[in-house]
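Per chain, numbering begins at 1; letters A, B, ... match sequence-line order.
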2 protein chains.
Amino acid sequence: MQADDVFKALGDPTRRRLLDLLCEQNGQTLGQLCEHLDMTRQSATQHLGILEAANLVSTVRRGREKLHFINPVPLHEVYERWVRKFERQRLSLLHDLKKELEGE
Amino acid sequence: MQADDVFKALGDPTRRRLLDLLCEQNGQTLGQLCEHLDMTRQSATQHLGILEAANLVSTVRRGREKLHFINPVPLHEVYERWVRKFERQRLSLLHDLKKELEGE
DNA sequence: AGAATATGCAGGTAAATACCTGCATGTCAA
DNA sequence: TTGACATGCAGGTATTTACCTGCATATTCT
């Protein structure tokens, strides 16, 4: 499982913004994405590289352009592994805390 | 929304391990948690502080001990805001990529 | 071919991060 | 009270990270 790469990738606001931008319009080029970011193209490239390494973004070259597509699969796997686990025990976990606060 | 704190907190494997440990047995002390980690107590304290700042862990003092409890609420909010969004568009996003790979 | 455009690649830096050591404080139990 | 135990706090350091500048390469269009 690449949980570490995925979480690290999601840990940066710029990269979450990139995913948001791709969610609005999938298949954007590097240049298009950069228009919405307040940093140099080179920095954005690094962020996209991290997203790609985490398999959250796939790219396709078209001529001199590079198109970026979201891959929702790893996000789903992370959800299955992490969120649902805690979700399932949500009520009982809060119960534990409440009991303790009440003095056992 | 504290999305940034939550994602940053989840971005470290040690902190995810701590959440796992608390999921196995909620309300553990700092000392108990340290037994499962390969680092000094002080380092673990920092990690727990980050989890607490992200509101993923709540603590209760009992005498000289400090008990740690998972708070699943922020994780649920992150799920609602991030995972479901992409999940909803999962098939169409993959469709976009497939189309592009086939040459439009 | 030559200019404009889109991206790639190679460093360089300041700040954040994840560790650590050393010592202080507070609590329990004999 | 005194010793053992659980945690808190104050730095110090090496690595990672998120930016940047400068230049190279590849593609399109006239």
With side chains defined as the heavy atoms from C-beta onward, is the minimum distance between A:Arg17 and A:Leu37 less than 4.5 Å? yes

Do the non-hydrogen side-chain atoms of B:Leu10 and B:Leu75 ever get within less than 4.5 Å of each other? yes

Gap between atoms CZ and P, on B:Arg17 and C:dA18 respectively (whole Å): 17 Å

How long is the line joining CG of A:Leu33 and P of C:dG8, in whole Å? 12 Å

Identify, with sequence neighbours excluded, every residue that meets side chain to side chain donor-acceptor pair (under 3.5 Å) alongside B:Asp20. A:Arg81, A:Lys85

Side chain to side chain donor-acceptor pair (under 3.5 Å) with B:Glu80: which residues, sequence neighbours excluded? B:Arg84

Filter on salt bridge (Lys or Arg N to Asp or Glu O under 4.0 Å), then keep only pairs touching residues 49-59 of chain A, sequence neighbours left out; what's left? A:Glu52-A:Lys66

Nearest 0.5 Å, please: how far is CG in B:Leu51 from OG1 in B:Thr59? 11.5 Å

For DNA chain D, find the residues of residues 40-49 of chain A with a heavy-atom distance under 4.0 Å and give them by number; none if there aren't any. A:Thr40, A:Gln42, A:Ser43, A:Gln46, A:His47

Got a sec, which residues hit side chain to side chain contact (heavy atoms under 4.5 Å, CB included) with B:Leu33, two or more places apart in sequence or on another chain? B:Leu18, B:Leu21, B:Leu22, B:Gln28, B:Leu48, B:His68

A:Glu65: partners by side chain to side chain contact (heavy atoms under 4.5 Å, CB included), with sequence neighbours left out: A:Thr29, A:Arg62

Difference in axis direction between the ends of the helix from C:dA1-D:dT30 to C:dA30-D:dT1, five pairs, 10°: 30°

Under 4.0 Å from a heavy atom of chain A: give me the 5'-most and 3'-most nucleotides of DNA chain D that qualify. D:dT17 to D:dT28

Between B:Tyr79 and A:Tyr79 (judged by ring centroids, cut-off 6.0 Å), do the two rings come close enough to count as a pair? yes

Hey, could you give me the CG/CD1 distance between B:Leu19 and B:Ile70, rounded to the nearest 0.5 Å? 5.5 Å

May I have the distance from A:Leu30 (atom CG) to C:dT5 (atom P), rounded to whole angstrom? 16 Å

N/O contacts under 3.5 Å, protein versus nucleotides 27-30 of chain C?
unit_1, atom_1, unit_2, atom_2, d
C:dT27, O2, B:Arg64, NH1, 3.4

Whole-Å distance, A:Gln28 CD to C:dT7 C1', equals 16 Å

Rounded to whole Å, NZ of B:Lys66 lies from C1' of C:dT25 at a distance of 14 Å

Answer whether the closest heavy-atom distance between the side chains of B:Thr14 and B:Met39 falls below 4.5 Å. yes

Check salt bridge (Lys or Arg N to Asp or Glu O under 4.0 Å) between A:Arg16 and all other residues, then give those that pass, not counting sequence neighbours. B:Asp4

Could you note down all residue pairs passing salt bridge (Lys or Arg N to Asp or Glu O under 4.0 Å) where residues 36-49 of chain A supplies at least one of them, sequence neighbours left out? none

